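Computed from heavy atoms alone, side chains included, the values below leave out hydrogens, waters and symmetry copies. No experiment lies behind these values; they were computed from the predicted model shown.
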Amino acid sequence: MSGQDDRAVTGESSADLRRLGLETMFSVVSSAPPPDGIDLRDGALGEDLVEIGLVSVWAGLWAREGLGRRERSLVTLGVLIALGAEEEFASHVLIAQRNGLTDSEIAEVVYHASGYAGFPRAMAARKAARKALGVPEQHDAKEGR
């Protein structure tokens with residue numbers, strides 16, 4: 001399969017895919033490498049979900065070569081707006097900035113999504129983006145929100 005990271009499709013071990021997922025996730029969300037032996041499980045209900053995400057999302061999708069990280073952030077922001085996933089959207093606003101998107105470009109994603117995902121979803125995304133970016137709440141009050 002062309003355009004994919006070979007490690008994600010050649011039957012590498014789950015440990016190798018986990019390592020690729022950790023490397024990819026940490027490179028996107030921080031400038032530090034992942035700590036050796038990190039375990040993201042917390043002992044509570046659904047604790048393996050993050051581990052599943054490391055392999056399926058971070059290794060299987062974000063590590064692919066077909067799109068750059070900037071483009072993946074654009075797609076991810078649009079999908080999260082459409083899903084109404086404001087908390088996840090807020091996290092990905094910060095990831096999008098690390099991947100090179102400007103505040104103006106993030107705003108354009110919100111504007112564009114309003115035509116496809118609906119105005120209420122776009123308004124919720126705008127509020128989540130403002131919170132993630134530290135924009136004071138009085139901006140919403142000025143607009144009657």
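In this structure, the side chain to side chain donor-acceptor pair (under 3.5 Å) partners of T102, at least two apart in sequence or on a different chain, are E105. With sequence neighbours left out, A85 forms a side-chain contact (heavy atoms from CB on, under 4.5 Å) with L80, L83, E88. Contacts of S114 classified as side chain to side chain donor-acceptor pair (under 3.5 Å), with partners at least two apart in sequence or in another chain: none. Take R69 and apply the salt bridge (Lys or Arg N to Asp or Glu O under 4.0 Å) test, not counting sequence neighbours, and it matches no residue. Remark: D48 pairs with R41 by the salt bridge (Lys or Arg N to Asp or Glu O under 4.0 Å) rule, at least two apart or across chains. The side-chain contact (heavy atoms from CB on, under 4.5 Å) search around L49 returns none, not counting sequence neighbours. Residues that satisfy the ring-ring contact (aromatic ring centres under 6.0 Å, His included) test with F26, not counting sequence neighbours, are absent from this structure. Partners of E71 by side chain to side chain donor-acceptor pair (under 3.5 Å), not counting sequence neighbours: none found. Remark: R18 engages E51 in a side chain to side chain donor-acceptor pair (under 3.5 Å) (not counting sequence neighbours).
Summarising the geometry of A59 relative to L17, their closest heavy-atom pair is CB-O, 3.3 Å, with the distance given to 0.1 Å. The shortest heavy-atom contact between L101 and S73 is CD1-CB, 4.0 Å. Closest non-hydrogen pair, V93 versus L77, comes out as N-CD2, 3.9 Å. E47 and D42 make their closest contact through CB-OD1, 3.6 Å (heavy atoms, listed as atom of the first residue, atom of the second, distance). Nearest heavy-atom pair, G78 versus V109, reported as atom, atom and distance to 0.1 Å: N-CG1, 4.1 Å. Residues A96 and I106 share a closest heavy-atom pair of CB-CD1, 4.3 Å.
The ring-ring contact (aromatic ring centres under 6.0 Å, His included) contacts involving residues 62-103 comprise W58-W62, where partners must be two or more places apart or lie in separate chains. Applying the ring-ring contact (aromatic ring centres under 6.0 Å, His included) test to every pair with at least one member in residues 98-119, sequence neighbours left out, gives these pairs: H112-Y116. Here salt bridge (Lys or Arg N to Asp or Glu O under 4.0 Å) pairs that include residues 112-123, with residues two or more places apart or in two chains, number zero.
Grouping the Ile, Leu, Val, Met, Phe, Trp and Tyr side chains by contacts below 4.5 angstrom, directly or via other members, places V57 with V50. A continuous path of ILVMFWY side-chain contacts below 4.5 Å connects V28 to I38, so both sit in one hydrophobic cluster.
Inter-residue side-chain proximity for L133 and Q97 is flagged as met; some heavy-atom pair is nearer than 4.5 Å. Between M25 and L54 there is a side-chain heavy-atom pair separated by less than 4.5 Å.
For the atom pair CG (N99) and OG (S27), the distance works out to 8.0 Å, reported to the nearest 0.5 Å. Atoms CD1 and CD, on I81 and E86 in that order, are 9.5 Å from each other to the nearest 0.5 Å.
Not a single donor-acceptor pair under 3.5 Å links the side chain of R126 to the backbone N or O of V110.
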